[in-house]
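For reference, positions follow the sequence shown, starting with 1. These numbers come from a predicted model, not from an experiment.
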Amino acid sequence: MRIIARKTLKEYYTKHANAKGPLESWYHEAKKAVWKTPQDIKALYRSADFLPGNRVVFNIKKNRYRLIVHIHYNNGIIFIRFVGTHAEYDKVHAETI
């Protein structure tokens, strides 16, 4: 998969050092993946939540952080839309961010 806006992850874990390892692990796993359907994601990330508009919410570091992405399955592109703590996630509208 091609991931757009890795910079978003780097900026986040520069401020939250304990998020670096889990976010980098997700990045490298997603980059190697070939996700054609939500079921492909669910096979690797059982706790992933799927929202309308091909958005996916990943629980990072045992649900301490949340990562929202928008996926274009047909061309293999992932757009990072949000990364934050669980409390920060509760303040955003995941379907439109």
Would you list the atom pairs, donor with acceptor, under 3.5 Å between side chains in residues 89-97 and any protein atom, with sequence neighbours excluded?
residue: His93; atom: ND1; partner: Thr96; partner atom: OG1; Å: 3.0
residue: Thr96; atom: OG1; partner: His93; partner atom: O; Å: 3.4

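Applying the side chain to side chain donor-acceptor pair (under 3.5 Å) test to Arg66 and every residue at least two apart in sequence or in another chain returns Asn59, Asn63, His86. Taking His28 as the reference, Arg6, Glu24 meet the side-chain contact (heavy atoms from CB on, under 4.5 Å) condition, with sequence neighbours excluded. With sequence neighbours excluded, the residues forming a ring-ring contact (aromatic ring centres under 6.0 Å, His included) with His16 are Tyr12, listed by chain and number. Residues forming a salt bridge (charged side-chain N to carboxylate O under 4.0 Å, His left out) with Lys7 (at least two apart in sequence, or on another chain): Glu11. With sequence neighbours excluded, no residue forms a salt bridge (charged side-chain N to carboxylate O under 4.0 Å, His left out) with Glu29. Residues that satisfy the ring-ring contact (aromatic ring centres under 6.0 Å, His included) test with Tyr73, not counting sequence neighbours, are absent from this structure. When the side-chain contact (heavy atoms from CB on, under 4.5 Å) test is applied to Ala33, the partners found at least two apart in sequence or on another chain are Met1, Trp35. With sequence neighbours excluded, no residue forms a ring-ring contact (aromatic ring centres under 6.0 Å, His included) with Tyr13. With sequence neighbours excluded, the residues forming a side chain to side chain donor-acceptor pair (under 3.5 Å) with Asn18 are Tyr65, listed by chain and number. For Lys36, the side-chain contact (heavy atoms from CB on, under 4.5 Å) partners at least two apart in sequence or on another chain are Val34, Asp40.
Between Ala48 and Ile41, the shortest heavy-atom contact is CB-CG2, 4.1 Å.
Taking NZ of Lys20 as the reference point, atom OG of Ser25 lies at 11.0 Å (rounded to 0.5 Å). For the atom pair OH (Tyr27) and NZ (Lys10), the distance works out to 7.5 Å, reported to the nearest 0.5 Å. Distance CG/Asn75 to CD1/Ile78: 11.0 Å, rounded to 0.5 Å.
Taking a 4.5 Å side-chain heavy-atom cut-off between Ile, Leu, Val, Met, Phe, Trp and Tyr, the cluster of Ile4 extends to Ile77, Phe79.
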Practice task
Begin from the C-alpha positions of Val56 and Ile68 and carry the test side chain to side chain contact (heavy atoms under 4.5 Å, CB included) through to its verdict.
Solution key: CA-CA 6 Å; Val56 183; Ile68 302 171; over 6 Å; no
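Hydrophobic clustering (ILVMFWY, side-chain heavy atoms < 4.5 Å, transitive): Tyr45 and Phe50 are in one cluster. In the hydrophobic clustering of this structure, Leu9 groups with Ile60; members are Ile, Leu, Val, Met, Phe, Trp, Tyr whose side-chain heavy atoms approach within less than 4.5 Å, directly or through other members. Val57 and Leu67 fall into different hydrophobic clusters, where Ile, Leu, Val, Met, Phe, Trp and Tyr are joined by side-chain heavy atoms under 4.5 Å apart, directly or via other members.
Remark: the backbone N or O of Gly53 is paired with a side-chain donor or acceptor of His70 at under 3.5 angstrom.
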